[in-house]
Colleague: 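First, the structure itself, so that you have it in front of you.
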Amino acid sequence: MPIFVYVHDTFIYSTFKYDVQIIMDNKRIKIINGRLITPYRVINNGTILISNNQIEAISEREIDAPGAEVINAAGNYVSPGFIDIHVHGGGGHDFMDGTEEAFLAIAKIHAQYGTTAMVPTTLTSGKEDLLKTLDLYVSAHPKNTEGAQFLGMHLEGPYFAQSQRGAQDPRYIRDPDVNEYTEIIAYSDVIARWSAAPELKGAIDFAKYLKKKGILVALAHTDANYDEVIEAFENGYTLATHLYSGMSGVHRRNAYRYAGVIESAFLIDAMDVEIIADGIHLPAPLLKLVYKIKGADRIALITDAMRGAGMPEGESVLGNKDTGLKVIVEDGVAKMPDRSSFAGSVATTDRLVRNMINMAEVPVVEAVRMMTKSPATIMNVAHRKGSLVQGMDADLVIFNEQVNIKMTMVGGRVVYTTMSDLKSTPKL
Ligand SMILES: [Zn+2]
């Protein structure tokens, strides 16, 4: 059932619960002189025509469109907008702050780095805080006209293994509680994905219930062994949340070796994986290894960013601004105060793509695919997002050889640009 609302004099059209798109005033935009990154090749000197917030045409040749506004990409790359399916914050805000302002500010700051769609993510917390965050998503969603679009919420926790909790608050970690999760899902229909540890009591029934409700189930913060991961996969856990972080690997018990979650995710070809490609959580050899085994179509690059993303380094807070954990951001990552472990990432999507090209030596087309089409496929929005194809949402980024973002367009609307001559019509 479509929903129509007015916000700030802008007409908003929502086709289904996760989707808000801005209807333009029938303006057509033509992007010329771009190196277009389709999912599988680069079209040098290509042209894209946009109308009604969608891609109307894409061509290797000039497109005749009288009256269209012209954007000169000046030989830079033009790619589908980046899709970040796991992000907690940025620009000094966290989705758990308890304010609408945080939602809007995070969407806006990440758009400056190329993100055009994101899945706002919670941290392990009490039920009341989760419900409040879901309410804020609903109220912030239609007002989000200046930043990356929201694709539904991701609940990270609270059903995790204590032994793999990482920076998740141990006070709130618990086994799946059927009364609790059915109540949360009945309360709000904006949950798009949920991460849990599949070896916990009740975690298989939990996954079956979520699948029935159309919610993506991911395994995370888990000590499962191979047999448990196979059973989990068969029952809906089709995605591994931030591979390598907060999960078991090869381990020994009484001299015998056992495969952990990491090896299981490699062995199960059809399992998708997320990686925090900030260059710190995973060093270059591990980025290369994951890419070599899983390939670009099974990998989603994620920022997993906390509030320190897009901010100067120094003291920061993980989670709610008043009750969260004090952490320190230095050397491009958030650390626990004693520096014993990481406490979140401050990555932005441009940095993830750049790292995959420079550190993991992945071709640009494949690096971009892991930030666009693959996450779109995982989130079940690939029919609308993640590719430069006729009929897709006009979510685009323009960036140079170093993956510095020059322009971000969300739904046919430029929300960020550094190109001063953006709208000049070139002499022919
Ligand atoms: Zn996270």
Side-chain angles (χ1 to χ4, degrees), residues 82-91 93-97 102-103 106-107 109-110 115 117-125 129-130 133-134 137 148 150-162 164-170 172-173 191-198 215-222 237 239-247 261-262 265 272-278 280-282 299-310 316-321 324-325 327 329 332-336 341-349 351-352 371 375 378-379:
F82 299 156
I83 301 171
D84 187 4
I85 66 172
H86 185 156
V87 54
H88 298 270
H93 301 271
D94 189 292
F95 288 115
M96 297 295 280
D97 277 350
F103 274 79
I106 296 164
I109 189 85
H110 280 281
T115 305
M118 55 167 53
V119 181
T121 301
T122 61
L123 281 170
T124 290
S125 64
D129 282 342
L130 286 181
T133 307
L134 295 170
Y137 176 98
F150 300 137
L151 298 176
M153 287 290 307
H154 168 206
L155 304 191
E156 189 175 8
Y159 310 135
F160 286 148
Q162 281 286 0
Q164 292 286 357
R165 67 176 180 266
Q168 302 278 339
D169 193 329
Y172 300 114
I173 289 180
I191 302 164
R193 59 172 291 199
W194 201 326
S195 294
I215 298 168
L216 172 69
V217 197
L219 48 81
H221 297 278
T222 161
Y237 288 86
L239 170 67
T241 298
H242 48 48
L243 190 70
Y244 278 101
S245 299
M247 58 177 60
V261 176
I262 296 163
D272 297 311
V273 302
E274 293 178 344
I275 51 173
I276 308 168
D278 64 350
I280 297 168
H281 281 76
L282 299 181
I299 299 172
L301 307 182
I302 54 160
T303 64
D304 196 11
M306 45 82 77
R307 73 176 70 242
S316 190
V317 176
L318 183 69
N320 180 284
K321 61 184 184 308
L325 184 71
V327 298
V329 177
V333 69
K335 299 174 183 172
M336 298 297 242
S341 62
F342 297 142
S345 134
V346 292
T348 47
T349 46
R351 180 169 151 194
L352 307 178
M371 197 77 255
I378 291 168
M379 293 310 302

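For ligands, and for the atoms within them, numbers begin at 1 and follow the listed sequence.
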Colleague: Has R307 got a side-chain atom pairing as donor or acceptor with G319's backbone, closer than 3.5 angstrom?
Modeller: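 Confirmed, R307 side chain pairs with G319 backbone.
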
Colleague: Given H154, which partner from the list T122, T121, L216 fulfils the side chain to side chain contact (heavy atoms under 4.5 Å, CB included) test?
Modeller: T121

Colleague: Considering just N/O/S atoms, say which atom of D304 is closest to the Zn ion (ligand 1).
Modeller: OD1

Colleague: Restricting to N, O or S atoms of E156, which is nearest to the Zn ion (ligand 1)?
Modeller: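 For E156, the N/O/S atom sitting closest to the Zn ion (ligand 1) is OE1.
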
Colleague: Could you tell me whether H281 and Y244 have their ring centroids closer than 6.0 angstrom?
Modeller: no

Colleague: Going through the checks in order, is the ring pair (Phe, Tyr, Trp, His ring centres under 6.0 Å) test met by H242 and H86?
Modeller: CA-CA 9 Å; H242 48 48; H86 185 156; 5.5 Å; yes

Colleague: Specify whether an N/O/S atom of H88 falls short of 2.8 Å from the Zn ion (ligand 1).
Modeller: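 Given the 2.8 Å cut-off, H88 counts as a ligand of the Zn ion (ligand 1).
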
